[in-house]
Student: 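One structure coming up, written as structure tokens, with questions to follow.
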There are 2 protein chains.
Amino acid sequence: MKKELSNALIYPPVLCPLALTLDVIGGKWKPLIVHLVSQGVNRFSLLEKQLPGISRKMLANQLRELERDELLTREIFAEIPPRVEYSLTETGLSLLAAVMPLYEWGVQHLAHKQPRHTAIQL
Amino acid sequence: MKKELSNALIYPPVLCPLALTLDVIGGKWKPLIVHLVSQGVNRFSLLEKQLPGISRKMLANQLRELERDELLTREIFAEIPPRVEYSLTETGLSLLAAVMPLYEWGVQHLAHKQPRHTAIQL
DNA sequence: CGGGGATAGTCCCCATAGGTAACCAAAAAC
DNA sequence: GTTTTTGGTTACCTATGGGGACTATCCCCG
């Protein structure tokens, strides 16, 4: 019975639900962006401040992808200086709910540990 | 009150629990690896088969990081051909529990959509 | 009146992360 | 005796992402 497992894919490659989800929010920044927007950090420069280490290029890119995937909307105000506000869609909110357990896991397991990769030197 | 938000970081940069979690399982492959190992796909070559698109270098790298972060253990059997078995630690299991909502989200929201990034042409 | 700041990006150049392919060793199967 | 299997490592090369400069327009300050 282990044999069956080794010869066949558990899921047809593109139909693993987890892979499909990671296709949409996979990556280092998207869960953080979705969470921050839900907290009212809804403008480009605010997000930039809350995400030490992200580059503008990357932030713009991730926001475009989240918008394309209909997790958030982008509202442009014709003002000077320009203002753009992001907000979560229904889908985005449901995804946020699925992301929160990761947040809780962080609270439970990592509060006392030192970070490695994203360490910011001040 | 919005003013306060815009001037100060919601969290001291390295102490956002979500960022700390993503530090450990962020990335395209780690959640999939953890899930697969929990399903009994516990050897290098089996994982390779179940993860179309991953390179051996990347798989080895991600497994090392997961091992270093004590999410899984690596057991080497002195056989020919060599055999190595991975299994989840307690911590790994708790993280799997936090990842499963993403799997469920995929079931709910993406079953009918076409994948983009990880599309495998057959 | 002139200079500087603020917003939300875009563009180019370069470093590095990650993909590709080859190689390994020893036994077993054909 | 040739091919297959396993779990990688290594060298090479490309694609992704970081850094910094640049944009336009208006307001505020002196």
Side-chain angles (χ1 to χ4, degrees), chain A residues 2-3 5-7 13 22-23 25-33 36-37 40-68 72-87 116-121, chain B residues 2-3 5-7 13 19 22-23 25-30 32-33 36-37 40-68 72-87 116-121:
Chain A
K2 277 281 179 60
K3 212 52 178 174
L5 197 81
S6 60
N7 291 337
L22 293 174
D23 217 32
I25 41 139
K28 187 176 174 179
W29 301 109
K30 286 180 183 174
L32 293 172
I33 293 171
L36 285 171
V37 171
V41 184
N42 58 354
R43 295 174 56 190
F44 193 92
S45 55
L46 294 183
L47 286 165
E48 208 176 358
K49 288 192 192 90
Q50 298 289 334
L51 295 168
I54 200 173
S55 67
R56 302 183 135 199
K57 182 175 156 186
M58 194 62 191
L59 178 54
N61 179 24
Q62 301 294 284
L63 286 169
R64 291 301 136 82
E65 290 189 16
L66 289 171
E67 186 192 2
R68 182 201 61 189
L72 48 80
T73 57
R74 184 162 173 271
E75 191 180 0
I76 305 166
F77 296 84
E79 305 175 356
I80 297 288
R83 182 161 62 101
V84 175
E85 287 190 3
Y86 295 92
S87 48
R116 253 174 312 269
H117 307 310
T118 55
I120 310 293
Q121 314 298 345
Chain B
K2 277 282 177 58
K3 211 53 179 173
L5 195 82
S6 58
N7 291 336
L22 293 173
D23 217 32
I25 41 140
K28 186 177 174 180
W29 301 110
K30 286 181 183 177
L32 293 172
I33 292 171
L36 285 171
V37 170
V41 185
N42 58 356
R43 295 176 55 192
F44 192 92
S45 55
L46 294 183
L47 286 165
E48 207 176 359
K49 287 194 192 89
Q50 300 288 332
L51 295 169
I54 200 173
S55 67
R56 305 184 129 195
K57 181 173 156 185
M58 193 62 190
L59 178 54
N61 179 22
Q62 301 293 284
L63 286 170
R64 290 300 136 86
E65 291 189 15
L66 290 171
E67 186 191 2
R68 182 201 60 188
L72 49 79
T73 56
R74 186 164 173 269
E75 192 181 359
I76 306 165
F77 295 83
E79 303 175 358
I80 298 284
R83 182 162 61 102
V84 174
E85 286 190 4
Y86 296 92
S87 49
R116 255 175 312 270
H117 307 310
T118 55
I120 309 293
Q121 315 297 345

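The model shown is predicted, which means the values in this text are computed figures rather than measured ones. Convention: sequence-line order gives letters A, B, ...; per-chain numbering from 1.
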Student: Go through the structure and list residues passing side chain to side chain contact (heavy atoms under 4.5 Å, CB included) with B/Arg74, not counting sequence neighbours.
Tutor: B/Arg64, B/Glu67, B/Ile76, B/Val84, B/Tyr86
Student: Is any side-chain heavy atom of A/Leu47 closer than 4.5 Å to one of A/Leu63?
Tutor: yes
Student: Give the B/S/- string for nucleotides 19-30 of chain C, one per nucleotide from 5' to 3', where a protein heavy atom under 4.0 Å of the base yields B, of only the sugar-phosphate yields S, and otherwise -.
Tutor: BB-----BS---
Student: According to salt bridge (Lys or Arg N to Asp or Glu O under 4.0 Å), who are the partners of A/Arg56, at least two apart in sequence or on a separate chain?
Tutor: A/Glu48
Student: Whole angstrom is fine here: how far is it from CZ in A/Arg83 over to P in C/dG5?
Tutor: 23 Å
Student: If I take atom NZ from residue B/Lys28 and atom CD1 from residue B/Ile33, how far apart are they, to the nearest 0.5 angstrom?
Tutor: 12.0 Å
Student: Please list, in 5' to 3' order, the outermost nucleotides of DNA chain D lying under 4.0 Å from any heavy atom of chain A.
Tutor: D/dG17 to D/dC26
Student: Applying salt bridge (Lys or Arg N to Asp or Glu O under 4.0 Å), can you list everything that pairs with A/Glu79, at least two apart in sequence or on another chain?
Tutor: A/Arg83
Student: Kindly indicate, with the supporting measurements, whether the criterion side chain to side chain contact (heavy atoms under 4.5 Å, CB included) is fulfilled by B/Trp29 and B/Leu59.
Tutor: CA-CA 8 Å; B/Trp29 301 110; B/Leu59 178 54; over 6 Å; no
Student: CD of B/Glu85 to CG of B/Asn42: how many Å apart, nearest 0.5 Å?
Tutor: 4.5 Å
Student: With nearest nucleotide decided by heavy atoms, which residue, A/Asn61 or B/Tyr86, maps closer to the 5′ end of DNA chain D?
Tutor: B/Tyr86
Student: By side-chain hydrogen bond (donor to acceptor under 3.5 Å, both in side chains), which residues pair with B/Thr73, not counting sequence neighbours?
Tutor: B/Ser87
